Structures are given as structure tokens and as C-alpha cells.
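Quick caveat: nothing in here was measured; it's all calculated off a predicted structure.
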Amino acid sequence: MDAAKTPGIFVHQYAGLPHGPAFEHWRERAFGPCGLDVGPSHGDSIDCRLQVSVVDNIALAIPEGASAQYSRTQSHLADGSDDLVLIAAHAGLVRVGQNGHTVELAPAQMVLVDMGVTGTVGHTQEDRFISIRMPRRALLDINPCAEDKLSQVLSDGAVAETIFRYHALAANHAPHLDAVGQRLTAQHVIDLVGLLLGTDAEHASLARGRGHAAARLDLMRADVMAALGRNDLCLSEIATRSGLSPRQAQRLFEQAGTTFTEFVLEQRLVLARKLLGDPRARARKISDIAHSSGFSDLSYFNRAFRKRFGATPSELREA
């Protein structure tokens, strides 16, 4: 079975033996367009769920399941693709082959591979990875020596952690962005890969100031949104999750035209307004909605709400 949950996010799923009409149809629909083949990585059957998120000129993949091996064979090279792919081990031991050479990746280790040559990578329930496919030229623009790092095991704690977290965020949310937002997100991802590979000082400065900074800000915003209901939410906690000091984190918010406190307050007020306008929450007390939105002081909530929206919570609900 394969389906698209939303434009730009595709889910390809199959469980069974690697032959027969159902398998052939799934294989052709899921892997034909990207120039890959698939077979079992463990035992004699396939158990595969693959999410692919297309964001501008990159593709973010999240493979899951107990048995699947993806391969780029000699026959696939005729499509002329020379994209580069970063494979990042998430758990277990991930084996990646390129032109007969195999590297083994422990968790948080990564490798850059070339779609212009043959290769394989597989996963099981215990051995899992994610991947980023990007145009060669786009990566070379931020790291002119990227091809020198092909098939080498890569590890950079801070950058690798940001790549993993930003991959998860972008894969699930970036396809919903407009064209400009997708283009920026894709560039930020490529900047992070360029930093991981170790580029020269000039390009590294550009990648840090552009992609790394933007990725960290997006991750901090996402962490705030996930914890809006907590009235003890603080900058130091959010900063630490992104490997920053509170001062560094505050600077990133300020560069985006706000402060941490202002961003949190705005998002809490927007959440409260949404809840107040939801017919399903009609029976909830305003004090309960305020508390659910992260406000511990009802008087402060009422003042801030009226200043922001020109009406008290009670007036908005009645309207």
C-alpha cells in the first residue's frame, strides 16, 4: 500500500514476500521514481514503512519496519541522477555500501553517499536510520570539498543532534509551508550538512549564520509550542535543548524581531483565543482555558488578552 497524507509527504508501506503483482506494483510506485530497488534486509520477506517528505529540492526519508534493504544498482544509474544522500544512523548498527565498500554506522554517526554509483542500505526493527537527499551542486555551493568526504564515517555531536531534530521537524511540517518557506528550509538543511562535513572558514561562517541559526530558532519555537501549557516554561530549558546558552538563545529570538518572552506570550494568547472560539470548549471556564494556555495569573491573562485583541476573554466568547 502507498499513499500521500498531504501534498509533499508520501508514505509507502508493504509487508510480504518480495514477489507477486502486489509487490511489483508497490515497488514500481514507491521506488521507481527515485531510482532505487527494494528487497528484504532480514529473512525472506519485506516489512517496510517509508515516509518521504519533499521540501523544495531535497527529500527527507524516514524508513521504518523490520526488514527492508534499498539498493542503487548498475541498471538504475542510467537515470543520470548524481544527487548526494546523507544517511544518519538512529539506532543499532546501520551498514551502508558504496561500490563494494561497506561502512558501519553506530547511533549518531552519518555518511555521505553518491547516487551516481551503486550502493545499498538496509534497516531492521533494531537498526534504523534517516536520510537527506539533495542536489550535488547545492551542497558543493556551501562545501566545495564535500565530495572528498564521500563514504567516510562522520560524527559531530552538536551539529549531528541539530540535524536529527531539524530533520524530524522539517519532514513533518515543512511540506505545509509556501514555496519561499520550503526553499529556506531546504537551504538550512543543506547548510547543516555542509557544516557536518567540515567546510572552510568562509562557508562555515555563512552556514552557521544562516542554516544553523535558523534551524536552532525553529527548533526552539517548536519546543515552546509543545510546552505552552506549562507555566514554568523558561528560556534556559529551551536553550539547553538546542545546545545554546540563554544569552545565545535570546539573541536568536531578537534577530527574528522579538524576544523569548514576547514569543511565548503571543503564542499563549493565540492558543487561548482559539480555545475560547471553539464550540467544543464552550462549557470550559475561562480560568481553565487560561491555565491550559500557560497563564497562572487570571488577572494578568485578562489584561494581556484585552491589550492584544481589544476585548476581554468573556467579551470574545460572547461575540
Side-chain angles (χ1 to χ4, degrees), residues 6 55 158 161-178 180-182 184-185 188 192 208-319:
T6 192
V55 182
E161 174 67 16
T162 303
I163 288 175
F164 273 111
R165 294 188 64 211
Y166 198 58
H167 183 287
L169 181 67
N172 290 307
H173 297 287
H176 298 278
L177 300 175
D178 60 18
V180 173
Q182 289 198 30
L184 289 173
T185 300
H188 299 158
L192 288 171
R208 288 194 188 96
R210 184 176 60 186
H212 204 190
R216 282 173 156 176
L217 180 60
D218 284 347
L219 289 169
M220 287 193 292
R221 286 170 169 163
D223 288 340
V224 167
M225 299 301 291
L228 277 181
R230 287 178 41 205
N231 56 35
D232 63 344
L233 182 63
C234 63
L235 176 60
S236 59
E237 175 189 348
I238 296 298
T240 298
R241 285 208 65 193
S242 291
L244 297 168
S245 70
R247 186 176 188 134
Q248 290 171 320
Q250 184 69 280
R251 189 177 300 117
L252 288 180
F253 277 99
E254 289 172 354
Q255 289 171 354
T258 186
T259 67
F260 173 79
T261 301
E262 290 169 347
F263 178 77
V264 173
L265 176 59
E266 172 68 10
Q267 298 308 315
R268 282 176 169 164
L269 290 171
V270 169
L271 174 60
R273 183 180 64 174
K274 180 179 179 181
L275 292 173
L276 286 166
D278 187 346
R280 295 169 297 182
R282 183 71 181 173
R284 293 181 65 181
K285 293 181 179 179
I286 288 178
S287 59
D288 179 42
I289 287 176
H291 181 75
S292 297
S293 303
F295 293 95
S296 56
D297 185 327
L298 185 58
S299 296
Y300 172 69
F301 166 65
N302 282 317
R303 291 195 305 273
F305 193 94
R306 183 168 189 169
K307 181 179 179 181
R308 174 65 177 85
F309 299 116
T312 66
S314 297
E315 290 169 344
L316 186 141
R317 170 173 271 183
E318 289 306 316

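- Across all their heavy atoms, Leu276 and Pro313 have their closest contact at CD1-CB, 3.8 Å.
- The aromatic rings of Phe253 and Phe260 sit perpendicular to each other, their planes meeting at more than 60°, with 30° as the lower class boundary.
- Distance check, rounded to the nearest 0.5 Å: CG of Leu244 to CG of Leu217 gives 10.0 Å.
- Annotation: the span from Leu169 atom CG to Asp223 atom CG amounts to 9.0 Å, rounded to 0.5 Å.
- To the nearest 0.5 Å, atom CD1 of residue Ile286 and atom CG of residue Asn302 are 7.0 Å apart.
- Listed for the Asp278 side chain is no donor-acceptor partner under 3.5 Å among the backbone atoms of Lys274.
- Summarising the geometry of Arg165 relative to Arg241, their closest heavy-atom pair is NH1-O, 3.0 Å, with the distance given to 0.1 Å.
- Residues passing the ring-ring contact (aromatic ring centres under 6.0 Å, His included) test with Phe309, sequence neighbours excluded: Phe305.
- The line from CD of Gln248 to CG of Leu235 is 11.0 Å long, rounded to the nearest 0.5 Å.
- Legend: ring-ring contact (aromatic ring centres under 6.0 Å, His included) pairs involving residues 215-237, not counting sequence neighbours: none detected.
- Separating the CG atom in Leu269 from the NZ atom in Lys307 is a distance of 10.5 Å, to the nearest 0.5 Å.
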Ser242/Ile238 under side-chain contact (heavy atoms from CB on, under 4.5 Å): CA gap, chis, key distance, verdict: CA-CA 7 Å; Ser242 291; Ile238 296 298; 5.8 Å; no

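- Salt bridge status for Glu318 with Arg282: present, with a side-chain N to carboxylate O gap under 4.0 Å.
- Between Phe301 and Thr312, every side-chain heavy-atom pair lies at or beyond the 4.5 Å cut-off.
- Taking both residues in full, the closest heavy atoms of Gln182 and Leu177 are given as NE2-O, 3.2 Å, listed atom of the first, atom of the second, then distance.
- Here CD of Glu237 is found 4.0 Å from CZ of Arg230. Values are rounded to the nearest 0.5 Å.
- With hydrogens and angles disregarded, no donor-acceptor distance shorter than 3.5 Å links the side chain of Arg308 to the backbone of Glu266.
- Closest heavy-atom contact between Ser293 and Arg268: O-CG, 2.8 Å.
- Formation of a donor-acceptor pair under 3.5 Å by the His167 side chain with backbone atoms of Ile163 is not found in this model.
- In this structure, Gly294 and Asn231 approach most closely via the heavy-atom pair O-CB, 3.4 Å.
- Minimum heavy-atom separation, Ile289 to Ala272: CG2-O, 4.0 Å.
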